[in-house]
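Step one of this worksheet: look at the structure below.
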Amino acid sequence: MPLTLNSANFVPLLCHPATPAPPINRIDASLVWLADDSIAFRYCLRGDMARLRIPAERSTERTSLLWEHTCFEAFIAVCGESAYREFNFSPSGQWAAYAFKDYRQAMNELPAIAPPSIATRRFAGRIEVDVVLPAQSLPSGRRPWQIGISAVIEEADTVDGSHSYWALRHPSPRPDFHHRDAFMLDWPKKA
C-alpha cells in the first residue's frame, strides 16, 4: 500500500532484516514542496554516532560510488513509466544523480543539472541532512510520482565496514532500492 506524506510528516525508514544495525535507533525522512517547485528532503538518523562512519564535510561536487559509504538516497519515477531517477546525497556534501530507462537498465548520469543543496547538522546522538533538489532535476509533466526514500549506513566498529540498508519498504530478500515496489510514496504533482 502506498504511503501518503504531507509537509508535516516524517516517515520511518526500515532496516533490511539481512543487515541489522545495532548502533542505529532509527532513521526518519520527510519531503516537502518548495515555492520554486524544487523539493526538500530531510533525513534524521539517531543512534550511537561514534560507532558509525559519517563522511566529513567536503566541497560540494558530483561524485560516483557514494553508496559504498554512508549516504541518503531518493528514487523518483513518474507513475506508469518504467524510467526513474536515482539521487545520492552524502553528509559530506557530495552528490550523484542517475537516470535509468527501466529496472537497473541503461544507467546514465543526469547531464547538466543544478547541484542539490546539502546541509548536514551533527549532534550528540543524531545527524540531520537537509537536501533541496532543484526543480530542473525532477521529472517533468503533470503526472504524479512514485518515490523511494532510502539510506546506506556504514558502521565504524566492524572489521569489514558493515553496511545497513534502510528504506520505506524492502520487497526482496536482499537489499534493493531499485525494486519498484520500494517506491511506495505516492507524491502528487503540484496543481
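Classification of the W33-W145 ring pair by plane angle, with boundaries at 30° and 60°, yields tilted. In this structure, H170 and F177 have tilted ring planes: the angle between them lies in the 30° to 60° band. Ring geometry for Y103 against H179 counts as perpendicular: the plane angle is over 60°, on a 0 to 90° scale with 30° as the lower cut. The aromatic rings of Y84 and F100 lie parallel to each other, with less than 30° between the two planes, well short of the 60° mark.
Among residues two or more places apart in sequence or in another chain, the side-chain hydrogen bond (donor to acceptor under 3.5 Å, both in side chains) test is passed with Y43 by none. The side-chain hydrogen bond (donor to acceptor under 3.5 Å, both in side chains) check on S92 picks up S90, Q94, with sequence neighbours excluded. Not counting sequence neighbours, Y165 has no partner by the ring-ring contact (aromatic ring centres under 6.0 Å, His included) test. Residues passing the side-chain hydrogen bond (donor to acceptor under 3.5 Å, both in side chains) test with H16: none are found, sequence neighbours excluded. Here S38 pairs with D36 under the side-chain hydrogen bond (donor to acceptor under 3.5 Å, both in side chains) rule; sequence neighbours left out. The side-chain contact (heavy atoms from CB on, under 4.5 Å) check on A99 picks up L110, with sequence neighbours excluded. With sequence neighbours excluded, the residues forming a side-chain contact (heavy atoms from CB on, under 4.5 Å) with A114 are P134, Q136, listed by chain and number.
Each salt bridge (charged side-chain N to carboxylate O under 4.0 Å, His left out) pair with one or both residues in residues 74-84, not counting sequence neighbours, appears once here: E81-R143. For residues 114-139, every residue pair satisfying the salt bridge (charged side-chain N to carboxylate O under 4.0 Å, His left out) rule, not counting sequence neighbours, is listed here: R42-D130, R121-E128, R121-D130, R126-E128. Counting only residues at least two apart or in different chains, salt bridge (charged side-chain N to carboxylate O under 4.0 Å, His left out) contacts with residues 90-104 comprise R104-D176. Screening residues 107-119 for salt bridge (charged side-chain N to carboxylate O under 4.0 Å, His left out), with sequence neighbours left out, gives R62-E109.
Side chains of C15 and I24 form no contact here, defined as non-hydrogen atoms less than 4.5 Å apart. Contact annotation: the side chain of V11 never approaches that of L185 to less than 4.5 Å [non-hydrogen atoms, C-beta and beyond]. In this structure, the side chains of Y98 and S64 come closer than 4.5 Å at one or more pairs of heavy atoms. Looking at F87 and S137, their side chains come closer than 4.5 Å, going by heavy atoms from C-beta outward.
Rounding to the nearest 0.5 Å gives a distance of 12.5 Å between CG of D37 and CG of L133. Distance CD/Q146 to CG/D181: 9.0 Å, rounded to 0.5 Å. One distance of note links CD1 of I76 with CG of L31; it measures 7.5 Å at 0.5 Å rounding. Between W95 atom CH2 and E61 atom CD the span is 10.5 Å, to the nearest 0.5 Å. Atoms CZ and CG, from R26 and L13 in turn, are 9.5 Å apart once rounded to the nearest 0.5 Å. Once rounded to the nearest 0.5 Å, the distance linking SG of C71 with CD1 of I54 reads 10.5 Å.
By the criterion of side-chain heavy atoms lying less than 4.5 angstrom apart, applied directly or through intervening Ile, Leu, Val, Met, Phe, Trp or Tyr residues, L66 is not grouped with V131; the two fall into different hydrophobic clusters. Linking Ile, Leu, Val, Met, Phe, Trp and Tyr residues whenever their side-chain heavy atoms come within less than 4.5 Å leaves W67 and L14 in two separate clusters.
Across P173 and A18, no two heavy atoms sit closer than the pair O-CB, 4.3 Å.
Side-chain N or O atoms of T70 include one that pairs as donor or acceptor with a backbone N or O of R53 at under 3.5 Å. Formation of a donor-acceptor pair under 3.5 Å by the H69 side chain with backbone atoms of E154 is not found in this model.
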As a quick check of understanding, evaluate ring-ring contact (aromatic ring centres under 6.0 Å, His included) for F72 and F41, giving each step before the final call.
CA-CA 10 Å; F72 299 93; F41 294 90; over 10 Å; no
Using distance only, find each side-chain donor-acceptor pair of residues 45-52 under 3.5 Å and give its atom names and separation, not counting sequence neighbours.
residue	atom	partner	partner atom	Å
D48	OD1	A50	N	3.3
R51	NE	D157	OD2	2.5
R51	NH2	D157	OD2	3.3

